[in-house]
Each structure stands twice: as structure tokens, then as C-alpha cells.
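Note that this is a predicted model, so its numbers are computed, not measured. By convention here, the first residue in the shown sequence is residue 1.
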Amino acid sequence: MDFRISADDRVGNQPSRASKPKARSRGKSGDRVEPTLGQSMGFSVADERPSRSTKGTGGGGKPPKPSRRGKAQPKKRRSRSGGFLMGLLWWGFVACLWVGIAGIGVIVYYGAQLPSSNTWAIPDRPPNIRILASDGSLISNRGATGGEAITYRELPYYVPAAIIASEDRRFMSHFGVDPLGLISVAIETVQAGDVTRGASTITQQVAKNLFLTPDQTIARKIQEMILAVWLEQNYTKEEILELYMNRVYFGAGATGIEAAAQTYFGVSARNLSLGQAAMLAGILPAPSAYNPKSNPERAIERQRLSLAAMARDGFITQEEAEAAQIDPNQTVRTRVAGSESYVADWVESLMTSYIGEIKTDVVVQTTIDFKLQKDAEFIVKEAVANEGPNRGFSQGALVAMDVDGTVRAMVGGVDYQASQYNRAVTAKRQPGSTFKPFVYMAAMEKGYTPDTLAEDAQFEYQGWSPRNASGKYAGTVTLRQGLAYSLNTIAARLAIDVTPEAVIDVATRMGISSPLTPVPSIALGTQEVNLLELTSAYAPFANGGMGVIPNVITSIQSKDGEILYQASDAGPGRVVDPTVLAQMNDMLETAVEVGTGKGANLGGWEFGGKTGTSQNARDALFVGYTAAMVTGVWLGNDNDTKTTLSGGNVPASIWSEFMTKAHEGKQIASIPGGSYEGQLVSQPVLDPATGQAVIDPATGQPMTQYVDAGTGQPVQTMTDPATGQLMQLDPATGQYVPATAMSANQPIQTGQMVDPATGLPVGGQQIDPATGLPVAGQQIDPATGMPVGNTGGGMLVDANGVQIDPATGLPVGQVVGGNQVVQPQAVDPVTGFPLQPQSNGVGQAPIDPATGLPMNLVVDPATGQQVWVPSAPAQQQPQVIQPQQIQPPANLGETVPIQNERSQRTLMDLIFGDQQN
């Protein structure tokens, strides 16, 4: 059919009310007549305008008025338009439905790859190690995070506000995923043609950090959204924000708001300012690029944006934002990690050995004196800056400890931020001549004295020919002079004489823990040690002969206050005989008075020490001590290149400056001289008829009396009934005072300790009751003097390798009742002196070198331990022991008293005055 629509039927065209419909006349014969629907339409589709002419219509007059049915045609057109819109909406709805179904399918698919939701739990935060100085001030935080966890309510309000305004402004209103944020980011991305910013909410970031990998994939993003919704359903907004602030990375190794505050500003997050909080919030989008240490200009710009966002969201006023903003022309002041960080690294390395695996936050109390630590850092850095360019060195280290091994300061390098390598603990370098005191100590234990003469001259021994650093040789000198002027030939001769093994034994006993090889060149300090152990090995010279273990940790507590570790004062005990100690201190004092260490000074204090310079001056050291502190200094280069240093110049200067500060306000005291005078000790009461201890009938225990160890005279004592403390009568005042108040020196703990009740010395050796001699691993029958179960006779060997005659129970060659010994006699392994039968029957006693008599075994009231003390006042001169001569290469000669000691030192000073090694 051919539809013809009138112009009047156009949408919006109103039909004429005056027109009357008229019948259409038929056309000529043969013309086609168009069918009509009801009535015919009297216009052509081609007609665009209504026409009043009758031409071409097949009849005259006006066209007939369209019927009502003809007028419905425009309505049909409107129906088509509405249908199109409805169709569009319908198909849009269907498409959305299918997209939704597909999205749900994708969510279900990737969600199914996650563990069951009933197993989801917030993982524990890596434990933090909070390290404190002795006064409680924070040294540093260590661990995977670099800072402790902090609660939401501990922070100023503007800290979380800055993070919300910068990272997720609708955080408090969305359900874990922010649809508006997603749409906004999508529009920005389309407009920019690239991704402009992330669309993850704070909750999504927490989900990613806690549960997922950082992979940028669709799967990970969908799982992140699922977990974010779960977090919102199970935790409050405050808890989620707290999780975020404690676990987000802020750059520079800082994880969490507390670590960031300490790392960048040196303050707790509890004390952050508004400007600092805004700067930390600005770091979060790109921690490596926006942090104030690596890029301060960008950090300032990010701070400005954070403050503007806070003002926009109403957290602060515009005036507050402007006041908190850093001027772009200003420098961002951030915390600089100082030398205390070397201490923190050392403490962290010790934690596992102290308490095992760390599972929760812990607080470590250390022995570090923070003021001394900063003094040491400043002195070392200043010396390197001032002297380094001229003398060719760039690094320095310092260790300072109390005489009991308590570390008070440690500098591991001049700039921790530039190098975290700890040159005080980790680095091992040649100690040079600072090792020589152990050689001389071995010689003193063998029987030499500071006045023993030796030949300072070149020699060769098995292809080795040591030379003095100065190239000068003095001929015959005393050992005191040999150590003071650091003569290599004398130290080498002594090492050969006493054997390198004996030198290693002394060094190990004193505190050197690094492995050492027994070769003659050990005398010159050619084997590497670290500064910490070298310094601690000088402590026995300062404290009266007691070995120490360097200690920096006082206690370790959990965050709940549970004590996990508590330091004790236990140690190796006595490692130097008092007489040998006095001899060594005499020589080491001479070294700083007129020898190579005379560049060191410490007004009013008596001190000793030794310089050291390795080959080509690659290492320069000075280790010195007073009765209060021991300090070691090292200078050199990390690449082991030569310098123009010596131990007697810059290291001695650093030592003097630091020790002067460290001794301010301390009472001046002398270094130990080895005297027993004034020491109160407990002594068994012996029956003069039998020589056995008298038993107290009231207690059944051996009776004791207290005597002055120096004079051997009884001292009147009493026990304070209120405190149980031992009191002694002060003859000067007639008043009772604490027993320890009258004792100036350290407790005496020399010799081999023997338990009188069991007859067993410390170490578990069995004692022959008939002879008082130890027997290795055997019980002795008192009736026969033979090992239990041994009836076949034969020779016995005691714990010291001495052959025992089974018939007499005495060393082979010793006559019963006599004193002649033709075979080597047992030697006390601690003191190196011969052992003799003791009169009280509790074992063997070492010989007192001052009197030549056996010493008595007593109980030290200060420690409760058994100790050897002189049996009579030490009024005689030290016994002269003829040293063994070495032929060749060393001929030490006999001991010759020096009548004018100072004149010989002056002569040596003339010869070696310029030597500073």
C-alpha cells in the first residue's frame, strides 16, 4: 500500500476547523485509484506543504478533510520514538544485568581462590626492638619495621586527619570500596589518556598490605576489594586506620607512623607537629620519591598539598594550613643517624643469642651513657675532619668501658649514614704494638721482672729478622724500657723465649677471642683482632686482675614488662696474679710517662696504656686505662692504605680528650698495684696440733676468723642483726663500719679454688686425702694412696701431667719429708706458680711470690668464693727468679737491679724520643 500523509498530520501542525471534507471525484478512465483506510488521504508523501490548488488531483475544489483515523498517524510515529527509548532502556538493563552477572562470576571465581573466610585473621606485625640508653632515652628502634606499634588514640587528632584527607577523603563513609572514587579516577584517566592516580581506599591498602602481594593484576585487585569489604564488616574505622598507620611504608626503611616520625624528625609520633604530620602523609603515594631525606623539594610540595586537602575537608582552617607550611626556600631538617646507630646494630645482632627468636616487641636497656656517646662521636669526627686530609686517613673508631666491662660508648665510624660498617666490632685489624703487653705478661709469669735486662739488637730466628720501627737499637735495656719504647726486637726475643703458645694463652685469658696462630711474629701484633676485644683485654690491668666480658645489655623486657633477660656480674674471675699485675702496670705507666704514649695525658689521674702502629702505618691505635675506665681508639682507612699516623699522635690525642670528659666529676683513684693491704678475708681457724680446721660444735661447720690479708692480723668483726651485713671495727674511730668500706682493692681470687668440704677443686679433680695432690679422674683410697680398684701398682699422673709415686703419693723424685724435687712439679694453671702441700689439708696451695711461702685458702666475704691469700705479711722484696737464657737468638741475661731508673729512661728518651709507635 502507498501511504500518503497530509501535511496537517505532521507533529505539531493543527488541522483547519473551516475545511469540510468533500467526495473525491473519479479520475479518467484507466487511472489507478489508491486504496484508503476508511477514507482516502488526499496528499502525496512528496508534498511537503499544504496546497489550495486542485490541479492534478483528479477533481476540483478543496481536498477533503482527513478522517479521524487519518489523524492517528502522527501518534503512531510518537509511539515508535517512545518504543525506541524503552527498547534502549530495556537492552541497557539487560546488558547491565549480564554485566552484573559476569562481574559476580568473576568475583566468585577469584574469591574462590582465597582461603576460607573463617580462616582470615590479621597477621602479627613484625616485632620491634626498642633500644634505650642507660638513662632511658631512645637510642634507636630495630627490627623489620624500624618502629614500635602505636595506638590511634595516642596520636594528635591531625595525624590521622592528614592521612584521611590525603589518601581517602570518604574513608569514614564508604564500605571498603569507594564507587565515587572509582568513577572519578576513571574519568580522569580517560581525559588524561593515562592513569593519574590510584583508586584504592585505605581499607583496600590495608587488605593488600596484610594479605596480598603487590602484583598489579585484575585478580589481585578483585581480591583486594573482597578483603576490604570483609575488613569493614569485622573492624571499626578506627581499628582499620590504626592498622594502616602502623603498617604502611614511609620510605627510608621506616614502616609505620612511629618509625617514620623517629627516622625523619627524631621524635615520637605522639609529638608530631601539624606540619610534620602533613609531610608524612604526603610521602605515602611514592615513599622513595617524596620523603624529605631523598627529595626535600618534593616533600615540601607534598606537604602543601596535604595541608590544602585538610583545610578543604574542614580538619583545619586555612590559616592553620598556611602557618604549618614550610617555606620552599627553607631546608627540611630531618634527623641524622649518629654513632649510636652502630650500638643499635650491635645490640640487634646479640638479641637471638640472648633470648632466642623474637616474637613480640621488646625493650632493651643498655649500658650506654648517651652523653659520653655523643662526646665520643664528636671528638672522633672532629679529629678525622681536621687531621685526616693531612695524614691520609678517613675513618676512626672508639670503644670505652668501665673497668668491669660495661660498655659506655662505642663509635663504629665517622658517618653512619654513609657507611653502616662497624669498625669497632666487625672490623678486624692488626693491633700492632698494643698486643705487646700480653707478650710481656707471659714473660712476667715465667719469672722475668721489669728490671730484667735484654739486648736490643737485630737478630735472625728461623729466617725471621724483626726490626725496630725507628731503625735504631739501644743495646742492653730493661724490659720496662723495651715495652715503654715499643722495641720490636725485645718483644720478639720474649715471644720466642716464653713460646708463642704461652703468649696466646695469656691473650686469650685476658679477653682476646679472635683465633690466633702460634708464630713468633705474634709478638709484633701481626694477627688481626677487633677493637672491642682488644680494649676489654686491657680491663684486667685496670680492675685488679679480673677478667671481663664486654657487656652492653642490662635487661630485655617484653612490651608487657616481662623480664626476658637480666645481666649478671658473673665473669671469668682472676686472670692475673697480683704481683704480675703490679709489674705490668708499672711498665704500662712508664709507656705513657716517657715512652711512645707520652702524648696522652689525663690531669691528676694515674693511668697506663700502649700505642700501636701496624706496618706502613695502615692502623694506628692507643689503648689506655685508669682505675675507672678503659678506652681504645683506632684510626685508618677502610681500604687498608698507608697513612702517616702513629699510635702516639692523633689516637693518643683523641684518647686524652675523651677520657678527660669521661672523668669529669669522678673521684681520683690509683690503678691497682697488686697489694693485699686492707683487704678483709675469711680464714679457717686451724688446730695447731693437727693443722686441721676446727669444727664449731654449735653448727658443725668449720670455724672461721677474719684477718687483714695484708698483715695477716685478726680483725674484730660482727654481723649486723638488722641487715646481716658483715661489719668490722675501724681502729681509727672505734666504730663498726661495713667490711667492704675498709677494702680499697678488688677481692683476691687467685690460685686454684678448692672446696674444703669435698676436697674437690673447681673443675672436678679428685684429691688424694693422704697427699693433698689432685689425681686426674681417679678416686684415692686413703689407706693406700692408690686409686680405688688399682692393686697392680705402677705410675700415676696427676691433672698437671706430673708423675706420682704410688708408694708415697708424692711427685716422682720428691723425698718423703724433704723438699728436693728433680722432676717438674705441679703448677697452678691460673698463676703459673708451683703448688705445694697446704698445711690445713684441703689441697695444694700456690706459692706467694712475695714471701716464698704457701698461701692460705680463705673465703672472700665480698663474693663468697674461696681464694688464696698470703700466709704472712708481705714485707720481703719480690723473689728474684733467674730467667732462662736463650742461645741464640736472645740473651736476656740475669736480672740486674736498676739503681737510677729515671736516668736510664732519660737515656732511652734521647735514643727513641721521636718514635711514636
Side-chain angles (χ1 to χ4, degrees), residues 125-126 128 140-141 143-150 152 154-169 171 181 195-206 208-210 214 240-313 315-316 320-321 324-328 330-337 417:
R125 187 175 184 267
N128 177 67
S140 185
N141 287 287
T145 58
E148 63 183 325
I150 194 166
Y152 177 91
E154 290 180 273
L155 296 169
Y157 78 92
Y158 47 75
V159 175
I163 292 175
I164 291 174
S166 300
E167 289 292 292
D168 187 1
R169 61 185 301 190
F171 170 73
V195 177
T196 57
R197 58 187 173 94
S200 293
T201 64
I202 286 177
T203 314
Q204 286 177 261
Q205 294 183 59
V206 171
K208 178 184 68 176
N209 293 338
L210 293 182
I240 293 171
L241 191 57
E242 185 177 301
L243 285 170
Y244 178 76
M245 290 188 295
N246 280 318
R247 304 194 185 218
V248 69
Y249 184 61
F250 284 87
T255 298
I257 190 71
E258 176 69 8
Q262 294 286 357
T263 298
Y264 294 119
F265 307 119
V267 300
S268 171
R270 304 171 183 87
N271 302 319
L272 284 170
S273 67
L274 173 58
Q276 291 169 337
M279 184 167 286
L280 292 182
I283 291 174
L284 294 172
S288 298
Y290 294 162
N291 79 72
K293 284 184 179 292
S294 63
N295 197 333
E297 293 80 11
R298 294 295 298 273
I300 292 174
E301 176 62 19
R302 293 297 306 174
Q303 181 204 47
R304 185 186 66 79
L305 295 175
S306 295
L307 290 169
M310 294 178 72
R312 175 200 65 199
D313 294 339
F315 291 115
I316 59 174
E320 288 174 324
Q325 183 178 341
I326 294 178
D327 189 314
Q330 291 180 344
T331 301
V332 181
R333 294 185 178 181
T334 58
R335 177 177 180 266
V336 177
Q417 293 195 131

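The only member of V206, T203, I202 that meets side chain to side chain contact (heavy atoms under 4.5 Å, CB included) when paired with L243 is V206. Each of M310, E320, Q276 was checked for a side chain to side chain contact (heavy atoms under 4.5 Å, CB included) with Y158, and the lone residue meeting it is M310. The only member of N295, N291, V248 that meets side chain to side chain contact (heavy atoms under 4.5 Å, CB included) when paired with I283 is N291.
Side chain of E242 to backbone of Y152: a donor-acceptor contact under 3.5 angstrom is found. Checked by atom type and distance alone, the side chain of E258 pairs as donor or acceptor with a backbone atom of A269 at under 3.5 Å. Within the 3.5 Å criterion, the main-chain N or O of G147 finds a donor-acceptor partner in the side chain of N128. Looking only at distances, no side-chain donor or acceptor of R247 sits under 3.5 Å from a matching main-chain atom of L210. Not one N or O on the side chain of S294 forms a donor-acceptor pair closer than 3.5 Å with the backbone of A289.
Taking the side chain as every heavy atom from C-beta outward, L274 and L307 approach each other to under 4.5 Å. Side-chain contact between F265 and M279: present, with at least one pair of heavy atoms (C-beta onward) separated by less than 4.5 Å. Using a 4.5 Å heavy-atom cutoff, the side chains of Q262 and S268 are in contact. At least one side-chain heavy atom of R169 sits less than 4.5 Å from a side-chain heavy atom of R312. Taking 4.5 Å as the limit, every side-chain heavy atom of F250 sits out of range of all side-chain heavy atoms of T255. Between M245 and I163 the shortest side-chain heavy-atom distance falls below 4.5 Å. By the 4.5 Å heavy-atom criterion applied to side chains, I300 and Q325 are not counted as neighbours.
Residues P285 and R302 come closest through the heavy atom pair CG-NH2, 3.1 Å. Nearest heavy-atom pair, Y157 versus F315, reported as atom, atom and distance to 0.1 Å: CE1-O, 3.9 Å. Pairing each heavy atom of A165 with each of A309, the nearest pair is O-CB, 3.7 Å. The nearest pair of heavy atoms linking N246 to A149 is OD1-CA, 3.6 Å. Looking at every heavy atom in both residues, G251 comes nearest to P287 through N-CB, 3.6 Å.
The structure places OG1 of T201 at 5.5 Å from CG of D168, a figure rounded to the nearest 0.5 Å. For the atom pair OG of S166 and CG of L305, the computed distance is 8.5 Å after rounding to the nearest 0.5 Å. Here the straight-line distance linking atom CG of L241 with atom CG of L155 works out to 9.0 Å at 0.5 Å rounding. Atom CG of L272 is separated from atom CD1 of I257 by 6.0 Å, given to the nearest 0.5 angstrom.
Every residue meeting the side chain to side chain donor-acceptor pair (under 3.5 Å) condition with E167, not counting sequence neighbours, appears here in chain and number order: Q205, Y244. Contacts of Q303 classified as side chain to side chain donor-acceptor pair (under 3.5 Å), with partners at least two apart in sequence or in another chain: none. The side chain to side chain donor-acceptor pair (under 3.5 Å) test applied to Y249 returns no partner, not counting sequence neighbours.
One side chain, Y290 or R298, offers a donor N or O that lies under 3.5 Å from an acceptor on the other.
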